Amino acid sequence: MTVVDRIVNVADARRFARRNVIRSIFDYVDGGAEDDVTKAANERAFRRFSFRPRAGVSVPHPELETTVLGLPVSMPIILAPCGLVQLMHRDGVLGVTRAAHQAGTISALSTFAGAAPEDLASEPGPRWFQLYATDRDMALDLMARASASNFDALVVTMDSPTAGKRDQDIRNGSAAGLTFNARTIVKFAPQVLARPRWLLSGLKSSIETITSGETRRVPGGSGAPNIPKRSSPKGRTSQWNPADHDPVRISPFTWDDVAWIRQQWSGPFVVKSILSADDARSCVEAGADAVIVSNHGGRQLESTPSSLSVLPEVVAAVGSQVEVLMDGGVRRGGDALKAIALGARAVLIGRPYLYGLMAAGEEGVLRILRIMYEDMARTMVLMGCQKVTDLDPSWLRMEV
Ligand SMILES: Cc1cc2nc3c(=O)[nH]c(=O)nc-3n(C[C@H](O)[C@H](O)[C@H](O)COP(=O)(O)O)c2cc1C
């Protein structure tokens with residue numbers, strides 16, 4: 001039996017992933033901000049709902065197909081934009097994109113994935129590009145490259161003016177970004193020696209990149225360029241200079257920036273990481289075609305509400321004007337169906353497919369998508385629901 005055959009659920013993929021990659025990378029993927037309160041809340045939120053099945057209904061072929069921003073998809077699950085994908089397995093972003101394409105769904109490339117938009121230019125889609133930028137020049141450059149590389153939609157992420165505090169990344173020395181080259185590899189040597197398989201499957205591509213003279217920086221949680229520090233006020237005697245403790249800026253978008261980006265990008269436009277009806281209305285005002293209810297998988301601001309608990313509020317506010325998507329904590333196909341019953345057009349998954357990638361490369365990502373698809377199909381048969389697009393809140397019951 002291959003590793004892929006032994007992955008029956010997301011937790012299995014996580015276990016194999018942990019065995020394959022070095023600790024700094026596994027922790028980077030697995031961790032949430034601070035005490036993991038929001039990360040845990042995301043998963044727990046799905047358990048507050050149970051299904052209200054309809055007995056005596058025959059569902060010979062459940063229909064999972066839908067559209068997202070006009071793109072037909074085989075199921076309402078999309079691969080979320082994630083940083084550092086290129087270091088998780090040698091299949092990297094190409095493997096992720098190809099798995100999504102094979103499964104008939106969308107993958108989103110993060111600005112911080114460790115690959116350039118051009119690397120995917122000739123890959124079949126559908127593909128979205130997720131934008132981070134410290135300023136408008138950087139945004140313009142990336143948008144032009146994404147457009148020239150045939151990305152179908154642009155996603156702007158709103159929750160990352162700076163990086164959340166991920167304690168494990170700080171302990172591992174990777175909070176300021178993971179860069180592997182002749183100098184930094186010494187620091188990671190003990191971890192690499194403990195995971196030789198990753199050395200073969202993951203690091204090789206980085207070494208190739210480096211030896212080809214193209215040392216692309218792969219920013220991690222906070223890989224943004226340093227902004228100038230404030231100078232100390234005259235006469236300060238204390239050693240404590242507040243400017244030394246300023247958070248590093250990653251992508252400090254304002255609503256003016258979002259409206260401006262909308263004007264520069266002619267295709268479908270998605271705003272990610274919205275956690276209130278008011279912000280969802282601001283997205284609509286700025287010209288968004290879709291909003292993603294998300295707290296970044298609990299990796300940014302600790303103690304935000306679970307994404308699922310915010311979803312109904314956002315659907316009520318803007319659901320008649322734009323498509324509403326959500327992510328955070330989806331671990332089973334049934335979780336996705338609950339979000340759809342609450343009004344999401346589709347859900348995104350982050351860690352589940354990253355675990356699959358780290359466990360078994362492109363095949364591992366495909367395995368996770370297949371498991372999610374089969375989970376949803378089986379659940380719909382058991383519920384007596386023919387079409388995913390028929391789901392509404394009447395299919396759910398709130399557990400007390
Ligand atoms: C390792 C990792 C890196 C991420 N990097 C990004 C990123 O670069 N841009 C972004 O918009 N979201 C990023 N996210 C958040 C995901 O897009 C998504 O919102 C989140 O993973 C969903 O939660 P889940 O992991 O519980 O499925 C990242 C998530 C993870 C796990």
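Heavy atoms only: backbone and side chains are in, while hydrogens, waters and symmetry mates are out. Everything quoted here is computed from the prediction, not taken from an experiment.
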So which heavy atom on [X] is nearest to which on [Y], and how close?
{"X": "Y132", "Y": "L142", "answer": "O-CD1, 3.5 Å"}
{"X": "P268", "Y": "D289", "answer": "CA-OD2, 3.3 Å"}
{"X": "M326", "Y": "L308", "answer": "CE-N, 3.7 Å"}
{"X": "R299", "Y": "G31", "answer": "NH1-O, 3.1 Å"}
{"X": "M75", "Y": "L369", "answer": "CE-O, 3.7 Å"}
{"X": "S294", "Y": "D327", "answer": "OG-OD1, 2.6 Å"}

Quick one: does any side-chain atom of [X] pair with a main-chain N or O of [Y] as donor and acceptor, under 3.5 Å?
{"X": "D36", "Y": "K39", "result": "no"}
{"X": "R262", "Y": "W265", "result": "yes"}
{"X": "R249", "Y": "P247", "result": "yes"}
{"X": "S147", "Y": "A144", "result": "no"}
{"X": "Q300", "Y": "T162", "result": "yes"}
{"X": "N20", "Y": "M358", "result": "yes"}
{"X": "R351", "Y": "V29", "result": "yes"}
{"X": "E323", "Y": "L69", "result": "yes"}
{"X": "Q386", "Y": "H61", "result": "yes"}
{"X": "K272", "Y": "I292", "result": "no"}

[X] side, atom [atom1]; [Y] side, atom [atom2] - distance, nearest 0.5 Å:
{"X": "S273", "Y": "H296", "atom1": "OG", "atom2": "NE2", "answer": "6.5 Å"}
{"X": "T111", "Y": "R145", "atom1": "OG1", "atom2": "CZ", "answer": "9.5 Å"}
{"X": "I25", "Y": "L354", "atom1": "CD1", "atom2": "CG", "answer": "11.5 Å"}
{"X": "N241", "Y": "D246", "atom1": "CG", "atom2": "CG", "answer": "8.5 Å"}
{"X": "S251", "Y": "M158", "atom1": "OG", "atom2": "CE", "answer": "8.5 Å"}
{"X": "L79", "Y": "L348", "atom1": "CG", "atom2": "CG", "answer": "8.0 Å"}

Check: [Y] and [X] side chains under 4.5 Å, non-hydrogen atoms:
{"X": "P81", "Y": "F129", "value": "no"}
{"X": "R166", "Y": "Y28", "value": "yes"}
{"X": "R397", "Y": "F51", "value": "no"}
{"X": "L342", "Y": "V315", "value": "no"}
{"X": "Y353", "Y": "L366", "value": "no"}
{"X": "V270", "Y": "V156", "value": "no"}
{"X": "L337", "Y": "V388", "value": "yes"}
{"X": "I261", "Y": "F253", "value": "yes"}

Quick check on the hydrophobic clustering: are [X] and [Y] connected, directly or via other members, by side-chain heavy-atom contacts under 4.5 Å?
{"X": "L71", "Y": "V271", "result": "no"}
{"X": "V284", "Y": "I274", "result": "yes"}
{"X": "V293", "Y": "L391", "result": "yes"}
{"X": "V324", "Y": "W395", "result": "yes"}
{"X": "V347", "Y": "L275", "result": "yes"}

Any chance you could lay out the side chain to side chain contact (heavy atoms under 4.5 Å, CB included) test for V258 and F269, step after step, and finish with the verdict?
CA-CA 10 Å; V258 176; F269 182 55; 3.8 Å; yes
Take L120 and V93, measure what side chain to side chain contact (heavy atoms under 4.5 Å, CB included) needs, and give me the verdict at the end.
CA-CA 8 Å; L120 296 182; V93 296; 4.2 Å; yes
Test item: side-chain donor near acceptor, [X] and [Y], under 3.5 Å:
{"X": "D279", "Y": "S282", "result": "no"}
{"X": "R127", "Y": "S149", "result": "no"}
{"X": "E302", "Y": "T38", "result": "yes"}
{"X": "T254", "Y": "D256", "result": "no"}
{"X": "S394", "Y": "R54", "result": "yes"}
{"X": "D12", "Y": "Y355", "result": "no"}
{"X": "E123", "Y": "T97", "result": "no"}
{"X": "N295", "Y": "N42", "result": "yes"}
{"X": "R370", "Y": "Q102", "result": "no"}
{"X": "S160", "Y": "T157", "result": "no"}

Pair R345, T67 - check side chain to side chain contact (heavy atoms under 4.5 Å, CB included), show working.
CA-CA 8 Å; R345 184 88 184 179; T67 60; 2.8 Å; yes
Does a sphere of radius 6.0 Å around CZ in R136 hold more than 12 heavy atoms from other residues, nucleotides or ligands, not counting ones at 6.0 Å or beyond?
yes
Does atom CZ of R332 have more than 12 heavy-atom neighbours from other groups under 6.0 Å away?
no
Side chain to side chain contact (heavy atoms under 4.5 Å, CB included) evaluation trace for I349 with I77
CA-CA 7 Å; I349 52 171; I77 292 191; 4.0 Å; yes
If you apply the rule side chain to side chain donor-acceptor pair (under 3.5 Å), what do you find for Q321 with R281, and how did you get there?
CA-CA 10 Å; Q321 294 158 280; R281 285 188 204 100; over 6 Å; no
Check this for me: does any side-chain nitrogen of one of E399 and R47 sit under 4.0 Å from a carboxylate oxygen of the other?
no
I'd like to know whether S74 forms a side chain to side chain donor-acceptor pair (under 3.5 Å) with E65, so could you lay out the CA-CA distance, the side-chain angles of the two residues, the decisive distance to 0.1 Å, and finally the verdict.
CA-CA 4 Å; S74 63; E65 300 87 2; over 6 Å; no
